[in-house]
Student: 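Got a structure here, written out as structure tokens. Questions coming.
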Amino acid sequence: MSLWSKYVLPRLVESACKSREILEERKRWVPEARGRVLELGVGSGLNLAFYDSARAESVTGVDPSPELLAKCAPRAREAKVPVELVLGHAERLDFAQGAFDTVLATYTLCSVLDPARVLAEVRRVLAPGGELLFVEHGISPDAGVRRWQRRLTPAWSRCGGGCRLDRDLPRALRDAGYRVEDLRSHYGDGPRVLSFTFEGRAQPA
């Protein structure tokens, strides 16, 4: 692991994910999680304060960064629901079939190496009737913005932990056999090339 990935990137990720707009997205979606929850890319634990203890039974947070999980530990201890932190990758989830009622992903699916494999793993670990809740940035519907996203993604991905600006999440979900519900999309604060956002829920079809 490079010094950038080990020491600089975790600080940048946490700082970027504390914006006012992302805070409002967390408040909107995290309390929707119910039952046994798996959070993909739990990072430094910025979602943990927003789980509803009347709906969520427990939270298992997975992240590939030991540095971010270390930052997450104090927030896990303060959470209103029991939290277990696991070092791991979303492409290889070490959990039993049907282990979770909800999977939550906020600004995670943009940076996984193999989204099709991740979504297959999510399908496997979701219990019948379970759902995936997501807030992710991705490909814009506007041609001019899309062109810049595709131009910038190679460099952006190298310095941003694999994050891709041009990932088409709704299409990836449909291709993986999910039914997408309550889909919302919009430009956020900041440059349009960086801020087009998808929010919603999906269930295995």
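For clarity, every value in this text was computed on a predicted model and none was experimentally measured.
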Student: Inspect the contact between Glu78 and Arg75 and indicate whether a charged nitrogen and a carboxylate oxygen are less than 4.0 angstrom apart.
Tutor: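 No, Arg75 and Glu78 are not salt-bridged.
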Student: Does a donor on one side chain and an acceptor on the other come within less than 3.5 Å for Tyr51 and Glu39?
Tutor: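 Yes, a side-chain donor-acceptor pair sits under 3.5 Å.
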Student: Is it the case that the side chain of Thr102 and the backbone of Arg34 share a donor-acceptor pair, with hydrogens and angles ignored and the cut-off at 3.5 Å?
Tutor: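 Confirmed, Thr102 side chain pairs with Arg34 backbone.
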Student: With side chains defined as the heavy atoms from C-beta onward, is the minimum distance between Leu152 and Val193 less than 4.5 Å?
Tutor: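 Yes, their side chains come closer than 4.5 Å.
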Student: Closest approach of Gly130 and Pro204, non-hydrogen atoms and distance?
Tutor: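 Nearest heavy atoms, Gly130 then Pro204: O-CD, 3.9 Å.
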Student: What is the minimum heavy-atom distance between Cys72 and Leu48, and which atoms define it?
Tutor: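 Smallest heavy-atom distance, with atoms named: SG-CD1, 3.8 Å.
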Student: Enter the distance from Leu109:CG to Arg164:CZ here, rounded to the nearest 0.5 Å.
Tutor: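 Reported value, rounded in 0.5 Å steps: 14.0 Å.
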Student: With distance as the sole test, does Ser157 use its side chain to make a donor-acceptor pair with the main-chain N or O of Pro154 at under 3.5 Å?
Tutor: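 Side chain of Ser157 to backbone of Pro154, a donor-acceptor pair under 3.5 Å: no, none is there.
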Student: Just checking, any donor-acceptor pair under 3.5 angstrom between side chains of Asn47 and Thr106?
Tutor: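 Side chains of Asn47 and Thr106: pair found under 3.5 Å.
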Student: State, without any angle test, whether Glu25 and Tyr107 hold a side-chain donor-acceptor pair at a distance under 3.5 Å.
Tutor: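 Yes.
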Student: Could you walk me through whether Glu67 and Ser44 pass the side chain to side chain contact (heavy atoms under 4.5 Å, CB included) check?
Tutor: CA-CA 8 Å; Glu67 292 75 24; Ser44 62; over 6 Å; no
Student: If you define the side chain from C-beta out and look only at heavy atoms, does anything of Phe100 sit under 4.5 Å from Leu132?
Tutor: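 A side-chain contact is absent here, since even the closest heavy-atom pair is not under 4.5 Å.
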Student: Salt-bridged, Arg179 to Glu181, with N to O below 4.0 Å?
Tutor: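 Salt bridge between Arg179 and Glu181, a charged N being under 4.0 Å from a carboxylate O: yes.
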Student: Within the side chain of Gln149, is there an N or O that forms a donor-acceptor pair under 3.5 Å with the backbone of Asp166?
Tutor: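 No, Gln149 side chain to Asp166 backbone: no donor-acceptor pair under 3.5 Å.
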Student: Should Tyr178 and Gln203 count as side-chain neighbours, where that means a heavy-atom distance under 4.5 Å?
Tutor: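 No. Closest side-chain heavy atoms not under 4.5 Å.
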Student: If you measure only the distance, is there a donor-acceptor pair under 3.5 Å linking the side chains of Arg124 and Gln97?
Tutor: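 No.
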Student: How close do Ser195 and Gly190 get, counting heavy atoms only, and between which atoms?
Tutor: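 Heavy atoms only, the tightest pair is OG-O, 3.8 Å.
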Student: Tell me if the CZ atom of Arg167 is crowded by more than 12 foreign heavy atoms within 6.0 Å.
Tutor: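 Buried by this count: over 12 neighbours within 6.0 Å.
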Student: In Å and rounded to the nearest 0.5 Å, what is the OG to CG distance from Ser185 to Leu169?
Tutor: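 Those atoms lie 11.0 Å apart.
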Student: Decide, yes or no, whether a salt bridge links Glu131 with Arg201 under the criterion of side-chain N to carboxylate O below 4.0 Å.
Tutor: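 Looking at Arg201 together with Glu131, the answer is yes, because their closest N to O distance falls below 4.0 Å.
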Student: Distance-only, no hydrogens or angles: does the Arg55 side chain make a donor-acceptor pair with backbone N or O of Pro31 under 3.5 Å?
Tutor: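 At least one qualifying donor-acceptor pair exists.
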Student: Give the minimum heavy-atom separation between Ala90 and Val112, together with the two atoms involved.
Tutor: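 Closest approach of Ala90 to Val112: CB-CG1, 4.3 Å.
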Student: Do Arg192 and Ser140 touch side chain to side chain, with heavy atoms closer than 4.5 Å?
Tutor: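 Contact flag for Arg192/Ser140 side chains = no.
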Student: From Glu24 CD over to Asp189 CG, what is the distance, rounded to the nearest 0.5 angstrom?
Tutor: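 Answer for the CD-CG pair, Glu24 versus Asp189, is 10.5 Å.
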Student: Is it true that Phe196 and Ile139 fall in one hydrophobic cluster, defined by side-chain heavy atoms closer than 4.5 Å?
Tutor: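 Hydrophobic grouping puts Phe196 with Ile139.
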Student: Hey, are the side chains of Val62 and Leu38 touching, using non-hydrogen atoms and a 4.5 Å cut-off?
Tutor: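 When only atoms from C-beta onward are counted, Leu38 and Val62 do touch, with a gap below 4.5 Å.
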Student: Would you say Val83 and Ser58 make side-chain contact, with heavy atoms under 4.5 Å?
Tutor: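 No, side chains not in contact.
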Student: I'd like to know if the side chain of Asp101 reaches the main chain of Arg36, judged simply by a donor and an acceptor atom lying under 3.5 Å from each other, with no hydrogens or angles considered.
Tutor: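 Judged by distance alone, yes, a pair lies under 3.5 Å.
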Student: Regarding Lys80 and Asp52, does a basic nitrogen lie under 4.0 Å from an acidic carboxylate oxygen?
Tutor: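 A salt bridge is absent here (no side-chain N lies under 4.0 Å from a carboxylate O).
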Student: Check step by step if salt bridge (Lys or Arg N to Asp or Glu O under 4.0 Å) holds for Glu199 and Arg28.
Tutor: CA-CA 10 Å; Glu199 307 176 29; Arg28 186 158 56 244; 2.9 Å; yes
Student: CH2/Trp29 to CZ/Phe134 distance, rounded to the nearest 0.5 angstrom?
Tutor: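 These two atoms lie 7.0 Å from each other.
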Student: Would Val180 end up clustered with Val118 when hydrophobic side chains under 4.5 Å apart are linked, directly or stepwise?
Tutor: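 Yes: a chain of side-chain contacts under 4.5 Å links Val180 to Val118.
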Student: Do Asp142 and Arg146 have side chains that approach each other closer than 4.5 Å (heavy atoms only, starting at C-beta)?
Tutor: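 Side-chain contact under 4.5 Å: no.
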Student: Distance check, rounded to the nearest 0.5 Å: Arg117 atom CZ versus Leu93 atom CG?
Tutor: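 Reported to 0.5 Å precision, the distance equals 9.5 Å.
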Student: Before accepting this row, confirm whether a basic side-chain N of the pair Asp94/Arg92 lies closer than 4.0 Å to the acidic partner's carboxylate O.
Tutor: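 Salt bridge: no.
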Student: Could you pull out the closest heavy-atom pair between Pro141 and Tyr187, with the gap in Å?
Tutor: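 Residues Pro141 and Tyr187, closest heavy atoms: CD-OH, 4.3 Å.
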Student: Do the non-hydrogen side-chain atoms of Leu87 and Pro66 ever get within less than 4.5 Å of each other?
Tutor: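 Counting from C-beta outward, Leu87 and Pro66 do come under 4.5 Å.
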Student: Between atom OG1 of Thr60 and atom CG of Leu85, what is the distance when rounded to the nearest 0.5 Å?
Tutor: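 Taking OG1 in Thr60 and CG in Leu85, the distance rounds to 9.0 Å.
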Student: Do you know which two heavy atoms are closest between Thr108 and Leu40, and how far apart they sit?
Tutor: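 So the minimum-distance heavy-atom pair works out to OG1-O, 3.0 Å.
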